[in-house]
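In this chain, numbering begins with 1 at the start of the sequence shown. What you are looking at is a predicted structure, and each value in this text was computed from that prediction instead of being measured.
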Amino acid sequence: MSDTPSSDTQVTQLKRKLEAAISSRASLENDLKTQSSMLVDFIGKLSQTCKGQDKTLDNKLANLRSLLKKSAALADIEKQISVISQLLQQHSTTNAANIKTLHNDFLLAGKSLQKVNGLPSGLRRDLRALLESSEDEKDAVVQYIPLLSQLVSFYTTVLASKNTPTVDVTTTVNSLNNINELSTEQPVSKEFIEKFSGILNELALSDINTKQLSTVKAKITPDMSNNNLLDRFFEVFDVIVEDLKNERNTAKVFLSTLSETLSTVQSAVKSTLEMSSESGSKHEKINNILQKQVGEMATDINNATSLNTIKSDINDKLKRIAVTLQKKSELEQEQNNLLQAKMHDMAAKVKSLEEQSKTFEKRIQEQQTKSMTDALTKLANRAAFDDYYAKALMKYHSNNFDLAIVVLDLDDFKRINDTYGHTAGDKTLQVIANTLKKQIGEHAFVARYGGEEFVLIMSEINKTQLLKRLDTLRQQIARLPFKFKNDKVSITISVGASHINKEDNTHTAFERADEALYQAKAEGKNQVVYV
């Protein structure tokens with residue numbers, strides 16, 4: 001009987017080992033669950049960041065996010081990832097085909113132009129240099145835009161020369177003296193220049209290209225010729241192309257990174273699935289052996305006829321059970337180490353990709369901000385106003401509070417552009433915008449509606465307070481010290497205002513404030529009218 005405590009001790013140790021094995025298994029499953037959750041969250045963020053590149057790709061990524069949210073079977077997730085990877089590959093193939101077609105068309109158009117009789121020697125030389133420098137296929141479509149721009153300018157020159165009227169031989173000498181004063185040197189209409197300047201003000205580019213655009217805008221004058229305007233047009237075109245090229249390169253890098261990430265995720269999911277299946281099979285085999293050994297020990301105890309026989313059989317079977325448990329422990333440790341190593345590697349990749357994803361998210365947010373900001377005045381633009389106005393109106397109809405809309409316009413602004421140039425006009429708009437932000441910005445939403453017109457949305461303000469604040473603003477703007485070409489100029493504004501009522505929609509309220517503005521203009525300008 002002296003061996004009984006020893007048997008109890010071994011059973012206790014075996015029990016502890018079993019509990020340790022169960023605990024280790026639970027810890028392993030928790031780690032796997034945590035890592036899987038992190039991976040699912042990252043895939044969701046990554047697919048959301050890619051949103052907007054392509055409708056079909058958006059739909060597939062949305063399906064993937066849906067599968068992840070409802071914890072679908074790994075086989076379904078793997079199938080969806082495979083489809084997305086193929087779609088990305090198709091994008092790459094299509095883009096390559098488009099580039100090849102564009103390259104061939106470009107060379108064909110250039111060679112066709114070379115065959116035209118009577119090309120000026122300088123143009124023929126420039127055309128040949130352009131084609132020679134473009135023999136190799138480019139990497140992206142946007143790289144062909146400046147080349148096409150140059151080719152179009154060559155075609156324009158040739159067409160202009162072909163349409164030049166013939167002159168009598170007797171007047172050739174006199175005409176040569178005036179050849180540089182043809183229609184290309186005639187001044188452009190002021191309305192066209194104003195429209196062109198307005199378009200430039202609406203462009204939302206990166207900071208670097210915005211500075212280049214400002215340099216081009218500074219060269220625009222009311223009396224510029226057709227030739228000069230055409231030069232400015234091509235300069236603006238080059239700036240836009242450069243900005244587009246930078247954005248396309250960024251998108252290209254992002255899509256490439258996304259494709260690599262999805263491939264990595266697909267491989268990791270497949271590998272984890274195989275590892276889990278193999279591990280489960282091995283554990284099931286060991287558990288069956290362990291169960292069989294415990295059952296045999298229980299049977300031997302029931303059938304034993306003496307204590308010595310029980311001791312001998314139990315010691316032998318306990319040793320076999322201990323060996324089996326040791327194998328089970330080693331298997332679990334091996335599987336845990338493999339999984340930990342794989343998860344550690346995946347965590348490092350996920351962290352790196354998350355940092356890159358944050359960079360792309362920041363760029364997208366910046367672009368979204370720019371798309372809602374007026375490039376010239378840095379105020380909210382027309383799109384931002386429409387969005388804010390619609391939301392404010394919905395809130396008003398739900399809560400019924402004082403909500404006013406104000407439309408203001410600079411008086412005789414065209415006179416400033418015509419007299420002092422568009423640079424002076426731009427500077428005026430910037431000063432007015434800064435004044436609005438300082439004087440009204442804390443109490444209202446301020447936006448540039450277009451041209452020299454601004455709009456305000458003001459909340460929690462009654463008619464008396466509104467008119468007092470707007471009249472103070474009108475007086476402050478009239479006192480601003482504007483000076484152009486040593487001339488002191490007084491700038492005034494006309495203002496139309498109205499409160500929203502229960503029957504209003506986005507159009508009726510704005511039209512009422514706009515009518516008040518026109519009434520202020522008709523009654524002499526530089527005043528506030530409330531309807």
*Quick one: are Leu456 and Leu470 in side-chain contact, heavy atoms under 4.5 Å?*
yes

*asked:* If you compare all heavy atoms of Glu523 against all heavy atoms of Val529, which two are closest, and at what distance to 0.1 Å?
replied: OE1-CG2, 4.2 Å

*asked:* Please report the interatomic distance CG(Leu466) to CD1(Ile461), rounded to the nearest 0.5 Å.
replied: 5.0 Å

_Closest contact, heavy atoms only, Ser490 versus Ala478_ = OG-O, 4.0 Å

_How close do Ala516 and Gly496 get, counting heavy atoms only, and between which atoms?_
CB-CA, 3.6 Å

*Distance from Lys427 atom NZ to Leu376 atom CG, nearest 0.5 Å?*
10.0 Å

*With sequence neighbours left out, what residues match Asn505 under side chain to side chain contact (heavy atoms under 4.5 Å, CB included)?*
His507, Thr508

*Quick one: list whatever passes side chain to side chain contact (heavy atoms under 4.5 Å, CB included) with Ser459, sequence neighbours left out.*
Phe401, Leu403

*Which residues share a side chain to side chain donor-acceptor pair (under 3.5 Å) with Thr423, sequence neighbours left out*: none

*Listed by chain and number, what are the salt bridge (Lys or Arg N to Asp or Glu O under 4.0 Å) partners of Asp402, not counting sequence neighbours?*
none

_I need the full list of ring pair (Phe, Tyr, Trp, His ring centres under 6.0 Å) pairs touching residues 423-444, with sequence neighbours left out, sorted by first then second residue._
none

_Interatomic spacing from CG in Leu473 to CD in Gln476 - rounded to 0.5 Å_ = 6.5 Å

*Gap separating the CD atom of Gln439 from the CZ atom of Arg474, nearest 0.5 angstrom*: 14.0 Å

*asked:* Test: ring pair (Phe, Tyr, Trp, His ring centres under 6.0 Å). Region: residues 469-488. Which pairs qualify, not counting sequence neighbours?
replied: Tyr420-Phe484

*Under 3.5 Å, is there a donor-acceptor pair between the Asn381 and Arg448 side chains?*
no

_For Gln475, all residues meeting side chain to side chain donor-acceptor pair (under 3.5 Å), sequence neighbours excluded_ = Asp471

*Using a distance-only test with no angle check, is there a side-chain donor-acceptor pair under 3.5 angstrom linking Thr101 and Asn104?*
no

*asked:* Please identify which of these residues, Ile432, Leu408, Ile416, Leu410, meets the side-chain contact (heavy atoms from CB on, under 4.5 Å) condition with Glu452.
replied: Leu410

*Please report the shortest heavy-atom distance between Gly425 and Asn417, naming the atom on each side.*
CA-OD1, 3.3 Å

*Can you find a heavy atom in the side chain of Val406 that is under 4.5 Å from one in the side chain of Met458?*
yes

*Val495 side chain reached by Leu517 side chain, heavy atoms, under 4.5 Å*: no

_Donor-acceptor check, side chain of Lys525 to backbone of Ala522, threshold 3.5 angstrom: yes or no?_
no

*Between atom CD1 of Ile457 and atom OH of Tyr388, what is the distance when rounded to the nearest 0.5 Å?*
7.5 Å

*Scan for salt bridge (charged side-chain N to carboxylate O under 4.0 Å, His left out) pairs involving residues 454-470, sequence neighbours excluded, and state none if there are none.*
none

*Could you give me the CA-CA distance, side-chain angles and deciding distance for Val431 and Thr428, then say whether side chain to side chain contact (heavy atoms under 4.5 Å, CB included) is met?*
CA-CA 5 Å; Val431 172; Thr428 301; 5.9 Å; no

_For the OG1 atom of Thr492 and the CG atom of Asp412, what is their distance to the nearest 0.5 Å?_
6.5 Å

*Qualifying salt bridge (charged side-chain N to carboxylate O under 4.0 Å, His left out) pairs with a residue from residues 388-399, counting only residues at least two apart or across chains*: Asp387-Lys391

_Val407 backbone acceptor or donor facing Tyr449 side chain under 3.5 Å_ = no

*Any salt bridge (charged side-chain N to carboxylate O under 4.0 Å, His left out) pairs touching residues 510-521, not counting sequence neighbours?*
Asp409-Lys521, Asp411-Lys521, Asp504-Arg512

_Backbone of Phe385 reached by a side-chain donor or acceptor of Arg382 within 3.5 Å_ = no

*Taking all heavy atoms of Asn501 and all of His397, pick out the closest pair and write down the distance.*
O-CE1, 4.0 Å

*asked:* Tell me the closest heavy-atom pair linking Ala384 and Phe445, and the distance in Å.
replied: O-CZ, 3.8 Å

*Can you check whether Ile500 reaches Ile405 side chain to side chain, under 4.5 Å on heavy atoms?*
yes

*Carefully, step by step, assess Asp374 and Lys378 under the rule salt bridge (charged side-chain N to carboxylate O under 4.0 Å, His left out).*
CA-CA 5 Å; Asp374 178 64; Lys378 307 306 178 187; over 6 Å; no

*asked:* Just so I know, are the side chains of Leu379 and Phe454 near enough to count as touching, which here means a heavy-atom distance under 4.5 Å?
replied: yes

*Restricting to pairs with a member in residues 478-497, which pass salt bridge (charged side-chain N to carboxylate O under 4.0 Å, His left out), not counting sequence neighbours?*
none

*Return the set of residues passing side chain to side chain donor-acceptor pair (under 3.5 Å) with Tyr396 (not counting sequence neighbours), or none when no residue passes.*
none

